[in-house]
Amino acid sequence: MNYSRNDLRLADATMNQLRNAIYHIIRFMINNGVTDLKQRLRQMGRNIAKTYYDYWNPVDIVSLTNLREVIATIYKEVLKSSVSVEINDLEQLIIVSDSNCALCKYHYDDIEIAGCEILLGLIPEYINRINMNSNQKSGVMIEPVSVQKSKALGNKSCVQVFKYKTGEK
């Protein structure tokens, strides 16, 4: 069977296969002396966002008023995951908590990096791409900060942190 990328976007098994592959890839890179694992996983996420954006775009612009909903929608559509999104206006942080992370379902004793590092590339790239392609003048740009917790590392849930800034494009 030949599937298009849009067909794969709609497939249920896709995320399960990605999750399984991530940890095999991490082990392979570790065994081959790769030291910039976080950067490589984040680049994978950016690449996924670039491709996914070509097939699905949830809004015309991401602003502070819809930031929480857009992030939750991207997690729901891309990862089939329901998340809670907290916005800390004082520090300009976005904290995403996911108790059922599609990329970190299991704890791996031999892995010291979370598969959801991919999301630290995917989410900023997706939101920034939406806003860069928007006809509207202002929006939110975000950048990765860290994976605070991960089920793959033994935590009960995954928590990803992003930083945002607002203003003219």
Side-chain angles (χ1 to χ4, degrees), residues 3-26 29 34 36-87 92-98 100-105 113-136 138-148 150-152 158-167 169:
Y3 292 105
S4 71
R5 286 187 170 151
N6 195 45
D7 293 335
L8 290 173
R9 183 179 71 81
L10 301 172
D12 289 334
T14 304
M15 194 51 59
N16 185 43
Q17 297 306 314
L18 178 60
R19 179 185 59 243
N20 292 339
I22 289 167
Y23 294 99
H24 290 294
I25 290 169
I26 290 171
M29 287 191 291
V34 174
D36 60 342
L37 292 173
K38 284 184 183 180
Q39 291 81 3
R40 288 181 185 244
L41 292 174
R42 290 178 186 187
Q43 184 60 49
M44 284 180 196
R46 286 189 294 275
N47 292 341
I48 291 167
K50 289 173 188 174
T51 300
Y52 216 95
Y53 179 82
D54 291 338
Y55 297 94
W56 177 73
N57 186 356
V59 293
D60 291 330
I61 193 160
V62 182
S63 64
L64 274 179
T65 57
N66 70 351
L67 180 60
R68 182 178 282 113
E69 293 79 20
V70 171
I71 289 173
T73 299
I74 292 171
Y75 273 82
K76 186 72 170 168
E77 175 68 21
V78 177
L79 301 163
K80 310 295 188 240
S81 189
S82 295
V83 296
S84 69
V85 180
E86 177 188 332
I87 297 177
Q92 293 188 302
L93 294 177
I94 305 160
I95 299 114
V96 180
S97 300
D98 190 350
N100 195 23
C101 179
L103 300 177
C104 299
K105 190 172 182 178
I113 188 167
C116 57
E117 283 287 343
I118 289 174
L119 301 178
L120 268 74
L122 188 147
I123 298 300
E125 180 68 30
Y126 216 113
I127 288 173
N128 297 344
R129 189 165 286 270
I130 289 169
N131 286 339
M132 286 185 296
N133 291 309
S134 175
N135 292 330
Q136 299 177 40
S138 64
V140 174
M141 301 301 272
I142 70 171
E143 60 187 46
V145 174
S146 67
V147 171
Q148 248 181 14
S150 172
K151 290 176 80 171
C158 291
V159 177
Q160 298 102 32
V161 181
F162 307 91
K163 188 155 188 72
Y164 72 87
K165 60 182 174 180
T166 59
K169 297 194 277 186

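All heavy atoms count here, side chains included; hydrogens, waters and symmetry mates do not. Counting begins at 1 with the first residue of the sequence.
- Side-chain contact between Ile123 and Ile94 is absent, with no heavy atoms from C-beta onward closer than 4.5 Å.
- Side-chain contact between Leu122 and Ile74 is present, with heavy atoms from C-beta onward closer than 4.5 Å.
- When every heavy atom of Glu125 is checked against every heavy atom of Arg46, the shortest pair comes out as CG-O, 3.6 Å.
- Listed here is the closest heavy atom pair of Pro144 and Leu120: CB-O, 3.2 Å.
- When the shell of 6.0 Å around NZ of Lys38 is examined, it contains 12 or fewer heavy atoms from other residues, nucleotides or ligands.
- Between Ile71 and Phe162, every side-chain heavy-atom pair lies at or beyond the 4.5 Å cut-off.
- Residues Pro58 and Ile130 have side chains in contact (heavy-atom distance under 4.5 Å, counting atoms from C-beta outward).
- Of all heavy-atom pairs between Lys151 and Cys101, the closest is CD-N, 4.4 Å.
- In this structure, Met44 and Ile22 have side chains that are not in contact, with every pair of non-hydrogen atoms separated by 4.5 Å or more.
- Looking at Asn66, its side chain does come within 3.5 Å of a backbone N or O of Ile61 through a donor-acceptor pair.
- Closest non-hydrogen pair, Val159 versus Ser97, comes out as CG2-OG, 3.9 Å.
- Across Arg42 and Val145, no two heavy atoms sit closer than the pair NH2-O, 3.8 Å.
- Side-chain contact between Leu41 and Ile26 is present, with heavy atoms from C-beta onward closer than 4.5 Å.
- A 6.0 Å sphere centred on CG of Asn47 holds more than 12 heavy atoms belonging to other residues, nucleotides or ligands.
- In plain terms, the two heavy atoms of Cys104 and Tyr23 that are nearest each other are SG-OH, 3.3 Å.
- Using a distance-only test at 3.5 Å, with no hydrogens or angles considered, a donor-acceptor pair links the side chain of Asn131 to the main chain of Val140.
- Side-chain atoms of Asn128 come within 3.5 Å of backbone N or O of Ile142 as a donor-acceptor pair.
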